[in-house]
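For reference, the structure is listed below as structure tokens.
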Amino acid sequence: MLNGKIALVTGSTSGIGLGIAHALAAQGCAVMLNGFGDHAEIERARAEIETRHGVRVMHHGANLIHPHEVYELIEWTCARLGAIDILVNNAGIQYTAAVEDFPHAKWDAILATNLSAPFHAIHHTLPFMRRNGWGRIVNTASVLGLVASVNKAAYVAAKHGLIGLTKVVALETAGSGITCNAICPGWVRTALVETQFQARAKQLNVSTEEGAHQLLGEKQPSKQFVTVEQIGQLVVFLCSDAAAQITGAALPIDGGWTAQ
Ligand code: NAD
């Protein structure tokens, strides 16, 4: 369905981003991976996507906290793969503490990674998309872009901001063949949330599994984790022709979390 398209997925060396990269590659997209991790593991993941789906896959380790590295990533992707048709701003980090205890450096890092990096990536990528008259921008927000939760001031602020940015870009690109949407997952079992499960387990003196299910049950009525495969398929749909008139939306994929 997306044969010959070129996708950049930030934060795709693990978790949700890796799932999105697999899903787009399965539809025929060449993919630029981005993110941190063990060099050999990243190479194994890159080679696996390439051989399984028969598409070109590369990796760039830009640290998106730095705007100039976001720019280098965009330039490098266009130089090596030819263009960027699909931009998935997915890289994100988390830190939990009450507002009065929240370290300034953590606030700055979360805002830089979760909000400013998508701005810089969109800013540099849009001219390439406009030249082609087609583009898909998908921002990985969160249910916490729609509702709040205690001890997550920076993350909630950044994800609400990302949904605002999504709407502005959608309006500025409306009718141009380019769409911009946000996806809003509930709990997904990845490295990002594991420390929260461990902390809850410690607090209750139960196993990590029990801690995870306690937190899941509090917020997500389905009491089932969202999977990275389900999120990958949502992104594929947003990249399809059927979704050409979906723009500026913030789509929950959250087992009912935000219906409450
Ligand atoms: P993860 O920790 O598995 O993945 C995060 C990815 O971002 C990794 O590839 C990591 O290397 C990369 N990354 C982090 N900082 C970076 C930086 N400065 N520069 C470049 N890459 C960087 O976590 P995940 O759960 O897969 O998170 C992916 C996205 O999904 C995040 O934006 C997160 O906020 C969002 N999200 C996650 C959940 C969840 O329950 N896991 C729910 C809603 C939204």
Side-chain angles (χ1 to χ4, degrees), residues 9-12 14-24 26-27 88-96 110 114-115 118 136-167 179-204 206-240 242-243 246-260:
V9 185
T10 71
S12 48
S14 66
I16 293 171
L18 188 56
I20 293 171
H22 266 285
L24 290 173
Q27 298 298 322
V88 184
N89 286 305
N90 173 78
I93 51 173
Q94 174 64 289
Y95 185 82
T96 59
I110 290 175
N114 297 10
L115 180 57
R136 293 287 187 267
I137 300 168
V138 180
N139 297 320
T140 305
S142 165
V143 283
L144 299 180
L146 298 167
V147 296
S149 185
V150 295
N151 297 332
K152 296 180 180 175
Y155 190 87
V156 169
K159 295 298 188 183
H160 274 70
L162 185 56
I163 291 176
L165 174 66
T166 302
K167 292 177 184 175
T179 68
C180 180
N181 292 291
I183 56 170
C184 303
W187 288 118
V188 189
R189 194 101 199 238
T190 67
L192 187 105
V193 295
E194 214 51 40
T195 49
Q196 294 174 55
F197 296 155
Q198 286 161 4
R200 174 57 65 96
K202 200 170 163 198
Q203 187 192 353
L204 300 176
V206 294
S207 67
T208 305
E209 270 328 281
E210 185 51 35
H213 283 276
Q214 286 269 347
L215 275 178
L216 181 69
E218 269 174 26
K219 297 282 190 185
Q220 206 148 296
S222 67
K223 295 189 172 42
Q224 291 162 357
F225 288 104
V226 181
T227 68
V228 301
E229 289 79 11
Q230 289 161 348
I231 295 175
Q233 291 311 311
L234 177 59
V235 173
V236 166
F237 171 68
L238 287 173
C239 294
S240 72
I246 301 178
T247 194
L251 299 167
I253 171 165
D254 65 0
W257 182 326
T258 51
Q260 298 169 98

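Being a predicted model, the structure only gives us computed values, none of them experimental.
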**Report entry** side-chain contact (heavy atoms from CB on, under 4.5 Å) between L24 and V88, intermediate numbers included
**Finding:** CA-CA 10 Å; L24 290 173; V88 184; 4.2 Å; yes
Query raised in the report: Can you find a pair of side-chain heavy atoms, one from W257 and one from V147, that are under 4.5 Å apart?
Result: yes
Query - Short side-chain to backbone donor-acceptor contact, R136 and L238, under 3.5 Å - result: yes
Report summary line: CD (E229) and CD1 (I231) are apart, to the nearest 0.5 Å, by 9.5 Å
**Report entry** OG1-CD1 distance between T166 and I137, expressed to the nearest 0.5 angstrom
**Finding:** 9.0 Å
**Report entry** Counterpart residues, ring-ring contact (aromatic ring centres under 6.0 Å, His included), relative to H22 (two or more places apart)
**Finding:** H53
Report task. Applying ring-ring contact (aromatic ring centres under 6.0 Å, His included), name anything that partners Y95, two or more places apart in sequence or on another chain. Result -> F102
Query raised in the report: Distance from Q233 atom CD to I253 atom CD1, nearest 0.5 Å?
Result: 10.0 Å
Report task. May I ask you to decide if A141's main-chain N or O and N139's side chain share a donor-acceptor pair within less than 3.5 Å? Result -> no
Requested in this report: State whether the side chain of N181 and the backbone N or O of I246 hold a donor-acceptor pair below 3.5 Å, judged by distance alone.
Outcome: yes
Query raised in the report: Would you say the side chain of V188 lies within less than 4.5 Å of the side chain of V228, judging by non-hydrogen atoms?
Result: yes
Query raised in the report: Looking only at atom types and distance, does a side-chain atom of Q260 sit under 3.5 Å from a main-chain N or O of K219, one as donor and one as acceptor?
Result: yes
Query raised in the report: Would a 4.5 Å heavy-atom cut-off, applied to side chains only, mark P252 and L146 as touching?
Result: yes
Requested in this report: Test R189 against E209 for salt bridge (Lys or Arg N to Asp or Glu O under 4.0 Å), laying out the working first.
Outcome: CA-CA 11 Å; R189 194 101 199 238; E209 270 328 281; 3.2 Å; yes
**Report entry** Derivation and outcome, side-chain contact (heavy atoms from CB on, under 4.5 Å), residues I163 and H160
**Finding:** CA-CA 5 Å; I163 291 176; H160 274 70; 6.0 Å; no
Report summary line: Rounded to the nearest 0.5 angstrom, the CG-CZ distance for L216 and R200 is 11.5 Å
Query - pair T140-N89: side-chain heavy atoms closer than 4.5 Å - result: no
Query raised in the report: Hey, are E218 and K223 close enough for a salt bridge, meaning a charged N less than 4.0 Å from a carboxylate O?
Result: no
Requested in this report: Indicate yes or no: does K202 engage E210 in a salt bridge with an N to O separation below 4.0 Å.
Outcome: no
Query - Heavy-atom side-chain contact between N114 and L162 under 4.5 Å - result: no
Query raised in the report: Please, which pairs that meet ring pair (Phe, Tyr, Trp, His ring centres under 6.0 Å) have at least one residue in residues 216-239, sequence neighbours excluded?
Result: F197-F225, H213-F225
Requested in this report: First locate atom SG of C184, then atom CG of D254, and finally report the distance between them rounded to the nearest 0.5 Å.
Outcome: 8.0 Å
Query - Full working for side-chain contact (heavy atoms from CB on, under 4.5 Å) between I16 and T190 - result: CA-CA 8 Å; I16 293 171; T190 67; 4.2 Å; yes
Query - Note, Y155 side chain near S142 side chain (heavy atom, < 4.5 Å) - result: yes
**Report entry** Any side-chain heavy-atom pair of V236 and I20 under 4.5 Å
**Finding:** no
Query raised in the report: Is there a side-chain contact between Q94 and Q196 (heavy atoms, below 4.5 Å)?
Result: yes
Query raised in the report: For the side chain of T10 and the backbone of A91, is there at least one donor-acceptor N/O pair under 3.5 Å apart?
Result: yes
Report task. Would you check if the side chain of Q230 reaches a backbone N or O of T227 as a donor-acceptor pair within less than 3.5 Å? Result -> yes
**Report entry** Distance in Å, K152 NZ paired with T96 OG1, rounded so as to fall on 0.5 Å steps
**Finding:** 7.0 Å
